[in-house]
Visitor: 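What follows is a single structure, and I will ask about it in a moment.
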Protein chains: 2
Amino acid sequence: MALAHAILASLIDTPLSGYDLAQQFDGSVGYFWAASHQQIYRELSKLEQQGWIAGETVLQTGKPDKKLYCVTEIGKQQLKSWMAEFSEPSPIKDDLLVKIFAGYVAPQAIAIELKRHQKAHQERLAVYKTIEQKYFSNPQTLPETEKFKYLTLLNGISYETHWLAWIDRAIQLLKSSNPK
Amino acid sequence: MALAHAILASLIDTPLSGYDLAQQFDGSVGYFWAASHQQIYRELSKLEQQGWIAGETVLQTGKPDKKLYCVTEIGKQQLKSWMAEFSEPSPIKDDLLVKIFAGYVAPQAIAIELKRHQKAHQERLAVYKTIEQKYFSNPQTLPETEKFKYLTLLNGISYETHWLAWIDRAIQLLKSSNPK
DNA sequence: TCTGCCATGTAAGTTGTTACATGATTAT
DNA sequence: ATAATCATGTAACAACTTACATGGCAGA
């Protein structure tokens, strides 16, 4: 359900094409709700059919035509009522944790995986910190809307920090048990 | 893919029935790879067909018969090679963050949601801490296998702590902007 | 010339969710 | 009586992934 609403949320401020949305979902919103371009196009067709969004084809010279979508009144109402609904914390699905739980390999192999993940989380964190410095260096003076976006960014930073701390601990714990 | 392997991992130590597995997935492994009983039964049929596991029907008195599955040699190999594969950090999918990002409701409504989630995370954390005290009160003396399970528990604790800290910050930030 | 970006989609397959179905036993 | 637990599944649907497909334009 949330993909539809994440799209609505993205279209509230500015009309976007499917392509634009796919870009957006590869960053910003995509950091906490990933979606491929195929999913997005499919969802857009469905939303247009339902009348939650309206599309308008824009002819372009030198580039393929694009179709800009914006949210209809019905769409806005739908978004609002979805926002008012309760939601549960989303269940975790994590390969790495399944692997570690299984513990069916040499600790060495796991250590390598841990280091790969460490690198990935460090990179993600660096991206978030850059965004923070660029757009949110002064949180006190942010307008309401921006405060919400800032909160999601803080969540990302907190999340990556948690992972990095845990990985450190994990590496340490595995080392202590395997001195060789 | 990981469901199959999570099941294999669960069956490595002891043979279990679909029902038993469903119970397990509602706790322990389920904390980082959720699956419903329908999914589990479907996956079990598939795994048996592929020859990764072998099922044996056990007649019971007073209870319906059950089918115990154990991992075959092929299954063990599959699990091992999957464990050696690289995996990426799993993408986040979180309703609450989409809602906050959209910021399309009264801050009040969001504050209510935040408190609901706070409660849920507190409960989860309490469960983890209980497990820690019960089974892992002395991490130094744990055998290798148990160390891995302990690590996943630590991850859970770290994760819930991260959420709780973020929620505190979020509530605070929303309050400061809306004194009324 | 080849890579990458712009822009849109289809098709097939896997995974996950929701609802339905059965039937015996045990506890309230 | 009624509800809950044990135990197993089917069926329909929704969501997601992977691969394939097209075609022009800009830059190295």
Side-chain angles (χ1 to χ4, degrees), chain A residues 1-8 15-27 29-30 32-50 52-53 55-69 82 85 87-88 90-95 98, chain B residues 1-8 15-27 29-30 32-50 52-53 55-69 82 85 87-88 90-95 98:
Chain A
M1 284 280 117
L3 175 56
H5 298 95
I7 289 175
L8 288 178
L16 295 170
S17 69
Y19 188 86
D20 299 331
L21 279 167
Q23 306 286 96
Q24 288 248 317
F25 273 77
D26 191 30
V29 216
F32 39 84
W33 200 279
S36 62
H37 81 272
Q38 293 90 337
Q39 262 179 286
I40 290 165
Y41 282 115
R42 180 151 30 88
E43 200 66 34
L44 283 172
S45 315
K46 208 177 116 194
L47 289 173
E48 195 180 16
Q49 246 187 354
Q50 290 175 326
W52 296 15
I53 59 174
E56 198 191 350
T57 306
V58 176
L59 303 171
Q60 294 187 119
T61 49
K63 283 181 192 180
D65 302 345
K66 62 157 97 178
K67 203 169 171 186
L68 286 179
Y69 293 94
W82 176 74
E85 275 172 30
S87 61
E88 298 310 310
S90 54
I92 304 164
K93 295 224 157 181
D94 198 286
D95 276 11
V98 173
Chain B
M1 285 283 117
L3 176 55
H5 298 96
I7 289 175
L8 288 179
L16 295 169
S17 70
Y19 188 86
D20 299 331
L21 279 166
Q23 305 286 98
Q24 288 249 316
F25 272 77
D26 190 31
V29 215
F32 39 86
W33 201 279
S36 61
H37 82 272
Q38 294 88 338
Q39 264 180 283
I40 290 166
Y41 282 115
R42 189 171 358 112
E43 201 65 35
L44 283 173
S45 315
K46 208 178 118 195
L47 288 173
E48 196 181 15
Q49 247 187 354
Q50 290 174 328
W52 296 15
I53 58 174
E56 198 192 350
T57 306
V58 176
L59 304 171
Q60 296 187 121
T61 49
K63 284 182 189 178
D65 301 346
K66 62 158 92 180
K67 205 170 170 186
L68 286 178
Y69 293 94
W82 177 73
E85 277 173 29
S87 61
E88 298 310 311
S90 54
I92 304 164
K93 295 223 156 182
D94 197 286
D95 276 11
V98 173

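Just so you know, these numbers use all the heavy atoms, side chains as well, and skip hydrogens, waters and symmetry mates. Chain naming here is simple, since letters A, B, ... match the order of the sequence lines and numbering starts at 1 in each. A quick note: this is a predicted structure, and the numbers were derived from the prediction, not measured.
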Visitor: At less than 4.0 Å, is any side-chain N or O atom of B/Tyr41 found next to OP1 or OP2 of D/dG9? Yes or no.
Guide: no
Visitor: Return yes if a side-chain donor-acceptor contact under 3.5 Å exists between B/Ser90 and A/Asp94, otherwise no.
Guide: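 A donor-acceptor contact under 3.5 Å links the two side chains.
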Visitor: Whole angstroms only, please: what is the CD-P distance between A/Glu88 and C/dT17?
Guide: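 Spelled out: CD on A/Glu88 to P on C/dT17 is 14 Å.
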Visitor: OP1 or OP2 of C/dT14 sitting under 4.0 Å from any side-chain N/O of B/Lys46?
Guide: no
Visitor: Let me know the distance between OH of B/Tyr19 and C1' of D/dC6, rounded to the nearest Å.
Guide: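 Roughly 5 Å, once rounded to whole Å.
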Visitor: Assuming nearest nucleotide by heavy-atom distance, tell me which of B/Tyr69 and A/Leu3 is located more 5' along DNA chain D.
Guide: B/Tyr69
Visitor: Between A/Asp65 and A/Ser45, who's closer to the 5' end of DNA chain C by nearest nucleotide?
Guide: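 Whichever sits nearer the 5' end wins; that is A/Asp65.
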Visitor: Looking at A/Lys93, does any N or O in its side chain come under 4.0 Å of the phosphate oxygens OP1/OP2 on C/dT15?
Guide: no
Visitor: Quick one: on DNA chain D, does B/His37 or A/Ser36 contact a more 5' nucleotide (nearest heavy atom)?
Guide: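 Nearer the 5' end of the strand: B/His37.
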Visitor: For the pair made of CD in B/Gln23 and P in D/dC6, what is the distance, rounded to whole Å?
Guide: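 So the CD-P distance, B/Gln23 to D/dC6, works out to 6 Å.
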Visitor: Does a nitrogen or oxygen in the side chain of A/Gln39 sit under 4.0 Å from OP1 or OP2 of D/dT17?
Guide: yes
Visitor: Roughly how far, to the nearest 0.5 Å, is the CD1 atom of A/Ile40 from the CG atom of A/Leu47?
Guide: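 If we round to the nearest 0.5 Å, A/Leu47:CG and A/Ile40:CD1 are 11.5 Å apart.
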Visitor: About how many Å separate CZ of A/Phe32 and CG of B/Asp95, when rounded to the nearest 0.5 Å?
Guide: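 If I round to the nearest 0.5 Å, the distance is 11.5 Å.
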Visitor: Could you give the CZ-to-P distance, from A/Phe25 to D/dT17, as a whole number of Å?
Guide: 13 Å
Visitor: Taking atom CD as the centre, does A/Glu56 end up with more than 12 heavy-atom neighbours from other residues, nucleotides or ligands that are less than 6.0 angstrom away?
Guide: no
Visitor: Name the nucleic acid region contacted by B/Ser17, choosing base, sugar-phosphate or nothing; use a 4.0 angstrom heavy-atom cut-off, strictly under.
Guide: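 Counting heavy atoms under 4.0 Å across all strands, the contact made by B/Ser17 is with sugar-phosphate only.
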Visitor: Between atom CD in B/Gln49 and atom P in D/dG9, what is the gap in whole Å?
Guide: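 From B/Gln49 CD to D/dG9 P: 13 Å.
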Visitor: So does B/Arg42 reach the base of D/dG9 with its side chain, donor to acceptor, closer than 3.5 Å?
Guide: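 Answer is no: no donor-acceptor pair is held.
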Visitor: What is the distance, rounded to the nearest whole Å, between atom CG of B/Leu16 and atom P of D/dC6?
Guide: 14 Å
Visitor: Please tell me which of the listed nucleotides, D/dA15, C/dT18, D/dT8, lies nearest to the side chain of B/Gln38?
Guide: C/dT18
Visitor: How close or far is atom P of C/dG9 from atom CG of A/Asp20, stated in whole angstroms?
Guide: 13 Å
Visitor: Over 60° means perpendicular and under 30° means parallel, so tell me whether B/His5 and B/Trp52 are parallel, tilted or perpendicular.
Guide: tilted
Visitor: What integer distance in Å separates A/Ile40:CD1 from D/dC16:C1'?
Guide: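 Distance, rounded to whole Å: 12 Å.
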Visitor: Any side-chain N or O of B/Lys67 under 4.0 Å from OP1/OP2 of D/dG9?
Guide: no
